[in-house]
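Have a look at the structure below, then the notes.
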Amino acid sequence: MSTQSPNHTGASGFTDREHARPPEWRISDAPVPYVQAVADMEARVAAIAAGTAGEQVWLLEHPPLYTAGTSTKPADLLAADRFPVFESGRGGQLTYHGPGQRIAYVMLDLRTRGQDVRAFVTLLERWVIATLDRFNVAGEVREGRVGVWVKRPDKGPGHEDKIAAIGIRLRRWVSFHGISLNVEPELEHFSGIVPCGIADSRYGVTSLADLGLPVTMPEVDMALRSAFEEVFGS
């Protein structure tokens with residue numbers, strides 16, 4: 001995340017957007033190369049900051065790759081030659097992106113939504129949780145463990161698996177990067193890294209398919225949009 005200092009604007013930290021235009025929703029059907037995606041985000045963020053474009057939520061997939069956030073520890077990259085590794089500039093540590101994972105890049109103007117980074121991250125968490133709830137999956141957040149988790153008592157006492165990652169960056173109070181939700185990715189691909197720096201064997205990675213839910217990507221997209229409107233208002 002950006003190192004900009006948040007300015008708190010009330011209990012929620014977010015301003016009244018009753019008359020604001022809702023974000024544009026963009027969906028890419030084919031996997032988007034990471035460098036291209038970052039370039040597109042950077043251009044859109046600059047336009048939003050300049051007032052020449054509106055907000056956007058971009059739903060996409062990437063080819064198999066690893067991204068390194070600003071808190072990445074080199075030792076957490078276990079298989080450096082397996083997939084390309086990109087320094088992302090977002091907050092967080094190492095994560096995997098690939099087919100079967102729905103990524104939502106959120107380019108939102110926090111100048112109109114309240115300049116409160118913590119409140120914004122909390123809303124992103126709530127967005128993921130509300131999306132999962134539409135598939136009867138109970139997502140939860142944990143202090144000290146970024147992302148959204150599900151309990152897995154079938155794997156042993158206290159076991160939990162991560163189903164969604166969150167990592168953002170701010171430029172001139174416009175957000176980019178966002179969330180990744182595991183729908184049906186190849187979970188073995190996470191073995192090339194220590195996901196988000198968490199090596200404890202009680203904590204793994206899961207997906208909707210791994211939980212026994214054969215959900216299609218269009219169904220996930222509809223759930224994400226509905227939940228976004230519920231949580232963010234527009």
Side-chain angles (χ1 to χ4, degrees), residues 1 12 59 61-62 64 66-67 69 71-73 76-78 90-106 117-168 177-232:
M1 287 187 289
S12 69
L59 306 180
E61 296 171 83
H62 283 309
Y66 298 128
T67 65
S71 300
T72 292
K73 300 174 183 177
D76 288 342
L77 180 59
L78 306 178
R90 57 159 173 78
Q93 301 187 42
L94 276 167
T95 194
Y96 165 78
H97 295 315
Q101 182 187 73
R102 181 49 98 205
I103 294 169
Y105 286 140
V106 287
V117 179
R118 290 182 182 178
F120 180 56
V121 172
T122 296
L123 288 180
L124 292 176
E125 293 169 342
R126 292 178 183 171
W127 177 28
V128 174
I129 290 169
T131 300
L132 293 171
D133 184 62
R134 282 154 169 76
F135 302 110
N136 296 313
V137 174
E140 302 179 40
V141 295
R142 294 288 181 263
E143 185 71 26
R145 283 191 273 132
V146 179
V148 177
W149 300 77
V150 294
K151 295 179 180 177
R152 299 299 304 271
D154 54 309
K155 292 187 174 182
H159 194 102
E160 298 182 344
D161 283 344
K162 190 177 205 175
I163 195 167
I166 297 173
I168 64 165
H177 298 283
I179 68 170
S180 57
L181 175 62
N182 295 333
V183 180
E184 194 174 5
E186 178 52 70
L187 294 179
E188 196 277 332
H189 289 176
F190 284 90
S191 67
I193 59 173
V194 178
C196 300
I198 300 173
D200 192 319
S201 62
R202 294 174 299 169
Y203 308 129
V205 182
T206 191
S207 66
L208 291 173
D210 184 51
L211 295 174
L213 297 168
V215 179
T216 66
M217 203 64 80
E219 289 173 328
V220 170
D221 292 345
M222 287 189 291
L224 282 165
R225 185 161 187 171
S226 172
F228 182 94
E229 293 169 353
E230 172 188 312
V231 171
F232 285 89

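Using modelled atom types, no side-chain atom of His159 and backbone atom of Pro153 make a donor-acceptor pair closer than 3.5 Å. Glu61 contributes a side-chain N or O that, together with a main-chain N or O of Gly100, makes up a donor-acceptor pair within less than 3.5 Å.
The shortest non-hydrogen separation linking Leu59 to Ala104 is CD2-CB, 3.6 Å. Ala164 and Val128 get closest at one heavy-atom pair: CB-CG1, 3.6 Å. Residues Ala130 and Glu230 approach most closely at CB-OE2, 3.9 Å, considering heavy atoms. What you find for Ile103 and Ser180 is that their closest heavy atoms are CG1-CB, 4.0 Å. Contact detail for Ser226 and Arg134: the closest heavy-atom pair is OG-NH2, 3.0 Å. Looking at every heavy atom in both residues, Tyr96 comes nearest to His189 through OH-ND1, 2.7 Å.
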If you apply the rule side-chain contact (heavy atoms from CB on, under 4.5 Å), what do you find for Ile193 with Leu78, and how did you get there? CA-CA 5 Å; Ile193 59 173; Leu78 306 178; 5.6 Å; no
Working for side-chain contact (heavy atoms from CB on, under 4.5 Å), residues Arg225 and Asp221: CA-CA 6 Å; Arg225 185 161 187 171; Asp221 292 345; over 6 Å; no
Give the C-alpha distance, both sets of side-chain angles, the deciding distance and a yes or no for side-chain contact (heavy atoms from CB on, under 4.5 Å) between Ile129 and Val141. CA-CA 9 Å; Ile129 290 169; Val141 295; 4.2 Å; yes
Step by step, work out the side-chain contact (heavy atoms from CB on, under 4.5 Å) result for Thr95 and Arg90. CA-CA 11 Å; Thr95 194; Arg90 57 159 173 78; 3.4 Å; yes
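Taken to the nearest 0.5 Å, the CZ atom of Arg152 stands 4.5 Å off from the OG1 atom of Thr206. To the nearest 0.5 Å, atom CD of residue Glu160 and atom CD of residue Glu140 are 6.5 Å apart. Atoms CD and CZ, from Gln101 and Phe190 in turn, are 5.5 Å apart once rounded to the nearest 0.5 Å. Interatomic distance, Met217 CE to Leu224 CG, rounded to the nearest 0.5 Å: 9.5 Å. Rounded to the nearest 0.5 angstrom, Glu125 CD and Arg142 CZ are separated by 11.5 Å. Between the CG atom of Leu77 and the CD atom of Gln93 there is a distance of 12.5 Å, given to the nearest 0.5 Å.
Checking each of Val205, Asp210, Leu211, Asp161 against Asn182 for a side chain to side chain contact (heavy atoms under 4.5 Å, CB included) leaves exactly one that passes, namely Val205.
Atom CD of Glu184 is surrounded by 12 or fewer heavy atoms from other residues, nucleotides or ligands within 6.0 Å. Lys155 NZ: more than 12 foreign heavy atoms inside a 6.0 Å radius.
By the ring pair (Phe, Tyr, Trp, His ring centres under 6.0 Å) test, Phe228 pairs with Trp25, Trp127, Phe232, sequence neighbours left out. Qualifying side-chain hydrogen bond (donor to acceptor under 3.5 Å, both in side chains) partners for Thr72, counting only residues two or more places apart in sequence or in other chains: none.
Ring orientation note: the planes of His62 and His97 are tilted relative to one another, at an angle of 30° to 60°. Between Tyr203 and Trp149, the ring planes lie perpendicular to each other; the angle is over 60°, past the 30° to 60° tilted range.
The shortest distance between side-chain heavy atoms of Val194 and Leu94 does not fall below 4.5 Å. Here the side chains of Leu132 and Leu208 are in contact, with some heavy-atom distance below 4.5 Å.
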